[in-house]
Protein chains: 4
Amino acid sequence: MGAKERREREKRQRKSQILDTARALLLEKGLNATSINQIAKRSELSVGAIYFYFKDKEELFASLQVEGLELLHKTIQKAINKDSSPEEKIKSIASAYLRFSEKHKNYFDIINYFLTAPKTVFSPELKNKIDAHGNVSISTLADAISEGIDSGLFKAVNPRRQAIILWSAFNGIIQLKKLQKTILAKDEYKSLYIESLERFLDGLRN
Amino acid sequence: MGAKERREREKRQRKSQILDTARALLLEKGLNATSINQIAKRSELSVGAIYFYFKDKEELFASLQVEGLELLHKTIQKAINKDSSPEEKIKSIASAYLRFSEKHKNYFDIINYFLTAPKTVFSPELKNKIDAHGNVSISTLADAISEGIDSGLFKAVNPRRQAIILWSAFNGIIQLKKLQKTILAKDEYKSLYIESLERFLDGLRN
Amino acid sequence: MGAKERREREKRQRKSQILDTARALLLEKGLNATSINQIAKRSELSVGAIYFYFKDKEELFASLQVEGLELLHKTIQKAINKDSSPEEKIKSIASAYLRFSEKHKNYFDIINYFLTAPKTVFSPELKNKIDAHGNVSISTLADAISEGIDSGLFKAVNPRRQAIILWSAFNGIIQLKKLQKTILAKDEYKSLYIESLERFLDGLRN
Amino acid sequence: MGAKERREREKRQRKSQILDTARALLLEKGLNATSINQIAKRSELSVGAIYFYFKDKEELFASLQVEGLELLHKTIQKAINKDSSPEEKIKSIASAYLRFSEKHKNYFDIINYFLTAPKTVFSPELKNKIDAHGNVSISTLADAISEGIDSGLFKAVNPRRQAIILWSAFNGIIQLKKLQKTILAKDEYKSLYIESLERFLDGLRN
DNA sequence: CATGAATGAGGTTTCATTCAT
DNA sequence: GATGAATGAAACCTCATTCAT
């Protein structure tokens, strides 16, 4: 007894081990430059083992996405103080998101990497699942906005739509990070991020 | 006589022909899935011919970028009515940008594809050149905002920063297009785009 | 049981098989004209298989070098009769070297091919290793000369330097083989080789 | 009048120009890595022009050989003082050859590059011509040895054979240059060259 | 004479995936 | 469960050579 559980645990560990290596390589070299052989070598597993745990390359990388989205959701959930004002909640979410993009750069980049790919790299089925996952975080933001409207603080706009707009604006700004040293000064994107939120809230208030 | 000129013209045409094919394939399949062999086959040229016109894959794709950025700049320039109000100018630019993203989807996607790639695909030198090109369109937007501030219409904010913020917001929204049919309804992103601009202007006004 | 060992053995065999083919092709066509594709085709393996056994072309050809130098060393070692006189030892080594150049023409040519290439084809690291290997055979010759000096037979010269000089002279002559049928008569280089040794010993004796 | 001559001169210049570039590239990169396109680009001529002056790549590189052998012959001829002793003549030739290998490293390397190639890169016809050219320098050395024999200074050996033996020894030593920094100290090959000649003359004297 | 655009085979290397052990 | 040898297509790029202008 317990042997079965040990095996289960080992199996989960192996999978983690593969995902860890894949994540690292993906960020180092990009999707196409990351090969199964490389993952095998670096994770000190055999190629066959990887194909045992993941049907194919696609499934492996999709797992990374889901992982990332889950972590994002948790991070945001943790950042919200239930008793604070709607504006404070929105600011908390915003700052949690920015921090996530820095602290978990790997995951953030992976999420965006797949989100902004011109072609659906994944099967539709998989993509739905992933998008649904992303939806969760949007809802959290929408709830805060909704609260602000109900309390008369914000204009009577559609909360979900505002959430999406704000979220998109955030993403737009964070992507500016890549323009550092060319168009933008170092870390200018962060102050732009904050100012962007200000402008949005200015526009939202009654 | 004129033989030389005809040759010149033919050369330009060939180059266009290659770029056309590359552009199409790039959008169909993405950067890494687009091979020189494919471009050669579809453009009915030999592989060698392509390498005669472009030093390597990178240079070919960079040409597409620059092409796109130039077209974008022209499109925006044309959209502005010099005599209209600052708000109208901003709206014109915004709607020109949205239209550009639809009408010249190929170019728009390519611009964004490279802009948001996690790894610098191009040489730093090349990247600088490209970013500088992009800078031009930002300036046009900044000018309109500046005008609004001068005329007392807008708050006394930094025009260039606002331009970047707005531009980023636009990009953020346009990327939502990919979420159509999963999270978003069809063309919902367009109305979000418009609302996003409204919210921004709301926040900017005195 | 023994399955592992059999696998090991098969792996070694495959590697030999590739080296055999490469060796043959290299001698037939020269380094640059020998392609991995050709080696794959003739050894009835896939291209990928060759890259499984050898990191790249360089490593493959370096293996041939090392192989050859090892065989050369062994051949010379075997040729020496410990009880014979220094002159006899030198003659034995000389004749062993000439025989090696004929019997193991493939290896000999490969050794010389890389030794006399105008550009360092190999990485410095690799080249060091190879040169060190070559050093061993020189030492054997130097020992014999040293013995002759100690016994008062030879002038008090530097043994290692004489060894190198003699060895170089041998190589110089053996290369003449290529001039057969143009400048030289058939096998004239062999008698030149012997005479060359005579002249050298004449000059070395007290 | 004179137009014809001017054209002739221009033609020769063009040919030189091509050969200069080819020679430089050959030594930089080796035979196979030197392409006609590269030569064209660097010599600021068209590919077609090169094919006008040389039938193909082979003929181009053969010209370099012949060039080099002619220069070698002239250099040696100049080095000999008709009134000096046979030994002095031999030493003059030897030192001229060593100097040639340094001063005209390009030519020397090219001569050796083709001489020691495992396969006949050239057509037999071409190879004959080249070898004959090389023969001339050997004869000069043989004459000096012959003189020494006639004057009772040297043993009654075959002069031509001794010339070849000595020449080969020289080549053997000069090739050691490549082993500098691995097996040999810097410029050790030069002192070996001199000692090699000493040893040979020791063996030749009565 | 000279140009340079075009060819297309062939170079090295990497890859996802399979399957016998 | 796990291994890793093997496949072969496909990636990018270069080459000697030709030929219409």
Side-chain angles (χ1 to χ4, degrees), chain A residues 7 10-11 14 29 32-41 44-60, chain B residues 2-4 6-8 10-11 13-15 32-41 44-60, chain C residues 2-4 6-8 10-11 13-15 32-41 44-60, chain D residues 7 10-11 14 29 32-41 44-60:
Chain A
R7 254 198 274 143
E10 281 176 0
K11 225 169 143 172
R14 277 253 206 282
K29 318 193 166 190
N32 274 283
T34 299
S35 73
I36 299 288
N37 272 299
Q38 278 169 35
I39 297 171
K41 198 160 285 175
E44 292 181 324
L45 280 169
S46 68
V47 179
I50 293 178
Y51 275 89
F52 175 77
Y53 288 103
F54 300 93
K55 190 175 127 277
D56 54 20
K57 216 188 171 189
E58 183 176 283
E59 196 181 288
L60 204 173
Chain B
K4 199 176 172 180
R6 204 199 43 199
R7 284 255 220 120
E8 287 282 321
E10 278 176 2
K11 209 174 159 177
Q13 280 176 350
R14 275 264 197 276
K15 218 169 164 170
N32 274 291
T34 299
S35 74
I36 299 288
N37 269 315
Q38 281 169 34
I39 297 172
K41 202 160 286 174
E44 292 182 321
L45 278 170
S46 68
V47 179
I50 292 177
Y51 278 90
F52 180 78
Y53 288 99
F54 299 93
K55 193 176 126 280
D56 53 21
K57 216 188 174 189
E58 181 177 281
E59 195 181 288
L60 205 173
Chain C
K4 199 175 172 182
R6 203 198 45 201
R7 282 257 219 118
E8 287 283 321
E10 279 176 3
K11 211 174 159 179
Q13 280 175 351
R14 275 265 197 277
K15 218 169 165 171
N32 275 291
T34 299
S35 74
I36 298 288
N37 270 317
Q38 282 169 32
I39 297 172
K41 201 158 287 173
E44 290 183 323
L45 279 170
S46 68
V47 180
I50 292 177
Y51 277 89
F52 179 79
Y53 288 100
F54 298 92
K55 195 177 125 279
D56 53 20
K57 215 187 173 190
E58 182 178 280
E59 196 181 287
L60 206 172
Chain D
R7 252 195 279 142
E10 280 176 0
K11 226 169 144 173
R14 278 253 206 281
K29 317 191 165 192
N32 274 284
T34 299
S35 73
I36 299 289
N37 273 300
Q38 280 170 34
I39 296 171
K41 199 160 285 173
E44 292 180 324
L45 280 169
S46 68
V47 180
I50 293 178
Y51 275 88
F52 175 77
Y53 288 103
F54 299 93
K55 188 175 129 278
D56 54 19
K57 217 188 171 190
E58 181 176 285
E59 195 181 289
L60 205 175

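These numbers come from a predicted model, not from an experiment. Below, chain A is the first sequence line, B the second, and so on; all start at residue 1.
- Between the Asn37(B) side chain and the Ala40(B) main chain, no donor and acceptor come within less than 3.5 Å of each other.
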Problem set entry | Watson-Crick and G-U pairing of DNA chain E written in dot-bracket, each distance under 3.5 angstrom, with | for inter-strand partners | .||||||||||||||||||||
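- Rounded to the nearest 0.5 angstrom, Lys41(A) NZ and Ile39(A) CD1 are separated by 12.5 Å.
- Asp56(D) and Tyr51(D) get closest at one heavy-atom pair: CA-CE2, 4.1 Å.
- Enclosure of atom CD in Glu44(B) is not indicated, since only 12 or fewer non-hydrogen atoms of other residues, nucleotides or ligands lie within 6.0 angstrom.
- When heavy atoms are screened at a 4.0 angstrom cut-off, Phe54(A) is found touching no nucleic acid atom at all.
- One finds a side-chain N or O of Ser46(D) lying less than 4.0 angstrom from the OP1 or OP2 phosphate oxygen of dT3(E).
- A straight line from CD of Glu10(C) to P of dG4(F) spans 15 Å, rounded to a whole angstrom.
- Taking atom CZ of residue Arg14(B) and atom C1' of nucleotide dA6(E), one finds them 8 Å apart after rounding to whole Å.
- Leu60(C) places none of its side-chain heavy atoms less than 4.5 Å from the side chain of Lys57(C).
- Glu44(D) places its CD atom 11 Å from the P atom of dG4(E), with the value rounded to the nearest Å.
- Taking side-chain N and O atoms only, Tyr53(A) has no distance below 4.0 Å to OP1 or OP2 of dG1(F).
- Taking the C1' atoms as reference points, dT21(F) lies 13 Å from dC1(E), given to the whole Å.
- For the pair Lys41(B) NZ and dA9(E) P, the interatomic distance rounds to 11 Å; values are reported in whole Å.
- Phosphate contact (OP1/OP2 of dT21(E), side-chain N/O of Arg6(C), threshold under 4.0 Å): absent.
- One interatomic measurement links the two molecules: CD1 of Ile50(A) to C1' of dT3(F), which rounds to 12 Å at whole-angstrom precision.
- The salt bridge (Lys or Arg N to Asp or Glu O under 4.0 Å) test applied to Glu10(A) returns Arg6(A), not counting sequence neighbours.
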Exercise. Going 5' to 3' along nucleotides 14-20 of chain F, which nucleotides have protein heavy atoms under 4.0 Å from the base (write B), which only from the sugar-phosphate (write S), and which from neither (write -)?
Worked result: BSBBB--
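- Rounded to the nearest 0.5 Å, atoms OH (Tyr53(A)) and CG (Leu45(A)) are 8.0 Å apart.
- If you take CG of Leu60(B) and C1' of dA11(F), they are 15 Å apart, rounded to a whole angstrom.
- Nearest heavy atoms, Glu59(D) versus Phe54(D): OE2-CA, 3.8 Å.
- In this structure, Thr34(D) and Gln38(D) approach most closely via the heavy-atom pair CA-OE1, 4.1 Å.
- Atom CD in Glu59(C) sits about 15 Å away from atom P in dT12(E), given to the nearest Å.
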